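Okay, structure first, notes after.
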Number of protein chains: 2
Amino acid sequence: MPYRAVVSAELAKLFGILSHPMRIRIIEELKKEDLTVGALKDILGITHSAVSQQLAVLRSHHLVVEMRQGRNVFYHLRKPDLAHWIMEGVGFISPDPSEVEKMMSAIESAKSAWGDEKPQAKRKKRGA
Amino acid sequence: MPYRAVVSAELAKLFGILSHPMRIRIIEELKKEDLTVGALKDILGITHSAVSQQLAVLRSHHLVVEMRQGRNVFYHLRKPDLAHWIMEGVGFISPDPSEVEKMMSAIESAKSAWGDEKPQAKRKKRGA
DNA sequence: TATAGATATGCTAATTTCTGCACAAATTCA
DNA sequence: TGAATTTGTGCAGAAATTAGCATATCTATA
């Protein structure tokens with residue numbers, strides 16, 4: 001009953017939802033554009049059933065929303081901020097010392113990829 | 001090896017670490033002040049062993065740091081921002097419709113508690 | 001020796017995830 | 001009209017994983 005328990009339980013649930021690499025990947029892709037199950041399947045290289053089920057998990061907590069269009073179902077982030085917030089979490093990860101180097105560059109790439117549509121130039125929105 | 005897989009795997013791991021209410025509670029308490037295992041045990045109402053083990057999980061990803069003082073071991077957040085970032089996650093939770101009301105006020109309380117050191121004396125906000 | 005905490009062990013229980021399959025909805029075309 | 005196709009959902013069941021807890025033991029400080 002204490003609000004702390006309530007809120008921390010809800011947060012824990014949210015974190016549980018996000019504790020799967022594929023679901024993170026999905027959110028990452030969905031940040032760039034709305035996608036169908038089929039498209040995600042190709043991008044992620046897993047079965048369409050698996051994609052659908054991961055989407056069901058995300059949907060169950062209203063992190064994504066479905067929009068039917070003809071025989072396609074496009075998914076998009078209910079709150080695009082989610083992707084941004086997740087990426088901020090990178091500041092708290094601590095990879096193996098042995099892979100710190102690799103991770104650092106991976107993080108750099110990921111940051112620019114999540115921040116912009118394209119990792120390369122094309123957009124010069126980011127100063128400094 | 002694609003950086004996306006690397007980063008999303010690391011993030012998933014981080015989220016996994018945070019997907020337990022008690023660990024969130026611990027972080028919440030640690031945000032306010034450094035605490036010993038014994039103190040946390042009293043606050044959370046669980047055994048000292050359980051506290052210690054949850055701390056071990058948090059420690060394993062360097063989310064908390066231990067500082068020995070005499071025979072006490074004080075824990076504190078390695079990056080205090082963590083608590084702030086976690087609380088922002090509240091924007092993405094979606095409680096049961098039946099408990100939305102309750103949740104909303106709980107969230108309000110939690111926000112002020114996490115935002116400030118002091119939850120403010122005895123608020124009387126609960127109406128219907 | 002007593003206190004504070006960490007760690008090892010063992011058990012249990014629960015959860016998650018995947019594969020394959022069947023089903024449903026929208027579409028296409030004969 | 002209606003059969004076949006595309007697209008996606010959901011279930012069932014197996015399997016792995018794993019997470020959490022309590023007890024008990026071990027270390028370090030005092």
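Note on naming: letters A, B, ... go to the chains in the order of the sequence lines (proteins, then strands), and numbering restarts at 1 for each one. Keep in mind the model is a prediction, meaning the values are calculated, not measured.
Here the straight-line distance linking atom NE2 of B/His61 with atom CZ of B/Arg23 works out to 10.0 Å at 0.5 Å rounding. Atoms CZ and CG, on B/Phe15 and A/Leu18 in that order, are 5.0 Å from each other to the nearest 0.5 Å. A distance of 11.5 Å separates CD1 in B/Ile93 from NE2 in A/His62, rounded to the nearest 0.5 Å. The CG atom of B/Leu35 sits 6.5 Å away from the CD atom of B/Glu29 when rounded to the nearest 0.5 Å. Taking CG of A/Leu82 as the start and CG of A/Leu63 as the end, the distance is 5.5 Å to the nearest 0.5 Å.
Across the protein-nucleic acid pair, B/Leu58 atom CG and C/dT7 atom C1' stand 16 Å apart, rounded to whole Å. Whole-Å rounding puts the A/Leu18 CG to C/dT16 C1' distance at 15 Å. The interatomic distance linking B/Phe15 (CZ) with C/dT16 (C1') rounds to 18 Å, in whole Å. At whole-Å resolution of the value, CD in B/Glu66 and C1' in C/dG5 are 9 Å apart. What separates OH of B/Tyr75 from C1' of C/dG5 is a distance of 8 Å, to the nearest Å.
A nucleotide of DNA chain D counts as in contact with chain A when one of its atoms lies under 4.0 Å from a heavy atom; the first and last such, 5' to 3', are D/dT5 to D/dC11.
Between the B/Ser52 side chain and the B/Ser49 main chain, no donor and acceptor come within less than 3.5 Å of each other.
OP1 or OP2 of C/dA4 has not a single side-chain nitrogen or oxygen of B/Thr36 nearer than 4.0 Å.
When the shell of 6.0 Å around NE2 of A/His84 is examined, it contains 12 or fewer heavy atoms from other residues, nucleotides or ligands.
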Under 4.0 Å protein heavy-atom contacts per nucleotide of nucleotides 19-30 of chain C, with B for base, S for backbone only and - for none: BB-----SBS--

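Classification of the A/Trp85-B/Trp85 ring pair by plane angle, with boundaries at 30° and 60°, yields parallel.
Counting all heavy atoms, side chain and backbone alike, A/Leu14 lies closest to B/Gly89 at CD2-O, 3.4 Å.
End-to-end axis angle for the helix from C/dT1-D/dA30 to C/dA30-D/dT1, using five pairs per end and rounding to 10°, comes out at 30°.
Ion pair A/Glu10/A/Lys13 flagged as a salt bridge, since at least one NZ, NE, NH1 or NH2 atom sits closer than 4.0 Å to an Asp/Glu carboxylate oxygen.
In terms of position along DNA chain C, the nucleotide closest to B/Asn72 lies nearer the 5' end than the nucleotide closest to the other residue of the pair B/Asn72 and A/His20.
With contacts defined as side-chain heavy-atom distances shorter than 4.5 Å, the pair A/Tyr75/A/Leu58 does not qualify.
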